[in-house]
Structures are given as C-alpha cells and as structure tokens.
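Structure, as structure tokens:
Keep in mind the model is a prediction, meaning the values are calculated, not measured.
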There are 2 protein chains.
Amino acid sequence: MMDKQDIPIKTDRRRSPETKERILDAAEKLFAERGFHGASLRDITGACGVQVALSYYHFGSKEDVLQAVVDRRAIEHIGCYQKSLTDALARNDGKPIPVDSLIEAFVVPAIERFTNGDDGWRYYIQLLAHLSYESSRSSYAKPFFKYDDIVNEFISELKRSLPDVSAEDLHWSFYFLQSALTNAVLETQMIDRQSQNLCCSSDFDALIKAMKNLFSAGLLGLKPRM
Amino acid sequence: MMDKQDIPIKTDRRRSPETKERILDAAEKLFAERGFHGASLRDITGACGVQVALSYYHFGSKEDVLQAVVDRRAIEHIGCYQKSLTDALARNDGKPIPVDSLIEAFVVPAIERFTNGDDGWRYYIQLLAHLSYESSRSSYAKPFFKYDDIVNEFISELKRSLPDVSAEDLHWSFYFLQSALTNAVLETQMIDRQSQNLCCSSDFDALIKAMKNLFSAGLLGLKPRM
DNA sequence: GTCTATAATGGGATAGAC
DNA sequence: GTCTATCCCATTATAGAC
C-alpha cells in the first residue's frame, strides 16, 4: 500500500509550520486516487515524510483529515462557480442565459482547475467526484453537500432560460449533466476503450465541446410542459 | 462495521452446499453498499453466519470473492443486453432503431433488474456502478470490462441510426448516457436534495422517461458532421 | 466442507518524552 | 510541534483438527 508520492519528503524537521499543509496535500492526492477507505493515514503521512501521530495532533481523526481537505478549497471553489454564474449573467445583461453558455459556465469551474490548476486542484476535483458517489451511504461524504446551494442557483437560472419546460425535466437533465461531468473527471478511460482511442478521457476540450453539443440540443429539444 | 444483514444466519452446519452462494450473496450486498475496501471479509462472512476461513477455502483471496460475485451474474446480464438489442432490431425489421427505442433498450436491462429483480440483482447493479468508477485505477475493478463488447454493439447501432453524426459526438454522447445511468442506480439522493423532493432517486419510471426526453432530443439535435 | 486457532500485518488512535 | 513507542483492535490469510 505504501507508495512514495510526488510530495517531497520533509527534510528540515522540528516545527515547520507547513506540516499541516503537507498532510493535506498528501491526503488530497491519496483520497482522490484510492477513496477514503483505500488510503490509510500511514500511507498519507508516509507519502509526505511526516509522522503518523502528527495527523492526529493537527486534525483529530481520519474523517477530520478528509473534512479539512475539502474545507481548504471548497469556499474558493464555490466562489469560482459563483463568479462564473455572475459573469454569464453580466454578459447577458441579466437576461436569461443561453443554454449553451449556462452549460459552459457550470462545467468550466471544475474543468479549468482540473487542467490548468496545480496537481492539488486536480486531486481535489477527483475527490469531490468520489464523494458525490458515496453521499447518503457514508457519513464521511457529507462535506460534499456544501455545493448544493450553488448548484441550485444554476438550476434556477436554467429554469429562467427555459421557462416552458417542466421543472422535473430540468432537474433530471441537470442531474444527468452533473453525472457526466463527475464521471469525466475520474478519467476512467472507459471512453478510450469504447471508442478505440478515437475519444480520449484526458481531452477536456473535446469533452466540453461534446457536452455542449449534446446537452444544449437535449435541453432545447425538451417538450414544453403541458 | 459488523452488521447483521438480511441474509439469514446459517443454522444447519456441516456441508451445506450453498455456502458458496451465501458468501456471494453477502459479498454482493456489502461490496455494493460500502465498496471493495469498505467491506471486510469478516463483515461479509459474519453477515451470513459463515466462518471467515470458508471464504478463503471457497474462493482464495478477497479479490477472488469480488471476481466470483461478478462472474456469477455477468454472463446472464450481458445476455439480457444482447436480447434487448436483438429484440429492438427485430421490432424494426433490422432497420436502424429509432433513437428513443435504442436508449430504452440500453437502459432497461439494468433498471429492470434493479426494480423488479430480487435484492441480489439490485446489489449487483450497484456494484457494477461502483466498479465502473474504480476502473483503470484499481486492479480489482477489472471484472467490469466484460461489458465492453456489448456496449460497443449498442454504439454501433447508434451509428447506424444517426449516420450523419460524427463518431466522436456519438461516443461522447453514449458515454454521457452511461454516466447518467450509472450514477442513477447508486441512488445518492442528490437529485432529491436539489429538487426538494420534486424528483426522487428511487422513481425509476421518471428516470427512464427523463433520460429518453433529454438524450433523444440531444442525440437527434446533434449537428451532422461537416 | 467446516471448524478452531493462530500467524502476520495493517490501521486508528493515544501517552509522554523532547 | 515533533518524535518514539505503544495500545488495541481489525483484517487478510493459513495450518491443521474434525
């Protein structure tokens, strides 16, 4: 299980104030790669050259480490979603946002950090995907709920953009969009296998384009409610 | 962790030939609910009133138990997909299958077993969903690959139904459909929260309808390749 | 085939010296 | 804040009696 990771081993021992951050970096990576149960605190602290006991000193329990990993980035990330939505609204003078722009506004805050951010953001986004699958079955997946509010703001905008479509259809459709996005960032290489490398899990430009193509057409083609 | 499950405790000890099946039933359930790492062999054997050692006798390692769980149903399940596709073709005299029928033909073999099958099938379908997220990162998720061939048959049919759309768009779109389906059977209750119970994770009739609505419109609205 | 017993290791968590 | 040492239990896995 142990596996020396990218995080450089600590050399200067004794009171380095960034120890907490080192643990969070390693936890972020290993939780993302192996899931909560799949990564032990020994793996995590071993990967960043820190004593196991320090994770307890700094955070408490293993679940607390996960909580801290999410807390570290969640507010900033949710802020990015907020800004993305506000910008899209501004570009349209507060009028309903075109469906394809709204899709892009929702997808980009995750994908951008995934492709352009540092590795930490990559792992964080993957971890969120993991947690979304665990929610309602595992107590440790609760941190993920922080995103509920901002997601609902996007759905409200979608309702404004497509006022004639039933709320049920819009909720389901946005749910499918989220599923597609979540699955995509896990890069399972399912699509690479299925398409014999015509499509590539790691080609996020193609992903965004394909998402806009399908979901725009789908949302715009939904029948008005009777 | 231990948790007495639905599987009745074995009473008549000594050479009961169904011990293997009992272990598989319990493993199916617990792997589906907690993931591979989240369920231990103690949990599994404890849940069905069998000695831990017997799981090693019958299967070998923990990964072998998982493999056996999948093997037990995979061939039958893949056969259901095959039949579903063949039937759809027959209904259309071998001509290209209408997109909404093709979507239904793909979704139903999983959903039907999920809603109408016994609990075992429910857990099995959920387990498949779990494995699809782990593939390419965990060696134990390999069993899932068995489904690649039949999925590709559906995609080939989709190409026949929509000959003017680029293969890229079709592969991505079908990938999104699979993501939506996979996520849905996990019943994370995300959509319940987001819609304030207007939509319900466990309402699979509504799910199928919404899938057909969105993905039919989306696929039919895809632009022809240039 | 099933059981008990046990090996061997891993893992979460804590105490206490420095 | 950091380290060593350790507790204690869970876990995978095996040996051997019945």
Could I get a table of every N or O pair under 3.5 Å where one atom is in the protein and the other is in nucleotides 12-14 of chain D?
unit_1	atom_1	unit_2	atom_2	d
D:dT12	OP1	B:K62	NZ	3.1
D:dT12	OP2	B:L41	N	2.9
D:dA13	OP2	B:K62	N	3.0
D:dA13	N7	B:Y56	OH	3.4

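The distance between the ring centers of B:F174 and B:F106 falls below 6.0 angstrom. Ring centroids of A:Y140 and A:H130 are separated by 6.0 Å or more, keeping the two rings apart. Here B:F176 and A:F215 bring their ring centres to under 6.0 angstrom of each other.
Atom NE2 in A:H58 sits about 16 Å away from atom P in C:dT14, given to the nearest Å. A straight line from CG of A:D64 to P of C:dT14 spans 11 Å, rounded to a whole angstrom. Summarising the geometry, the separation between CZ on A:R34 and P on C:dG10 is reported as 13 Å, rounded to the nearest angstrom. Atom C1' of nucleotide C:dA17 and atom CG of A:L54 are separated by 14 Å, given to the nearest angstrom. Straight-line distance from the CG atom of A:L66 to the C1' atom of C:dG11: 17 Å, rounded to whole Å. B:Q51 places its CD atom 14 Å from the C1' atom of D:dC18, with the value rounded to the nearest Å.
Screening residues 49-68 of chain A for salt bridge (Lys or Arg N to Asp or Glu O under 4.0 Å), with sequence neighbours left out, gives no hits.
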Validation: residues 141-148 of chain A side-chain donor-acceptor distances under 3.5 Å, sequence neighbours left out:
unit_1	atom_1	unit_2	atom_2	d
A:K146	NZ	A:D71	OD1	3.2
A:Y147	OH	A:H77	ND1	2.8
A:Y147	OH	A:Y124	OH	2.6
A:D148	OD1	B:R193	NH2	3.0
A:D148	OD2	B:R193	NE	2.7
A:D148	OD2	B:R193	NH2	3.4

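Between B:I150 and B:Q82 the shortest heavy-atom distance is CD1-OE1, 3.5 Å.
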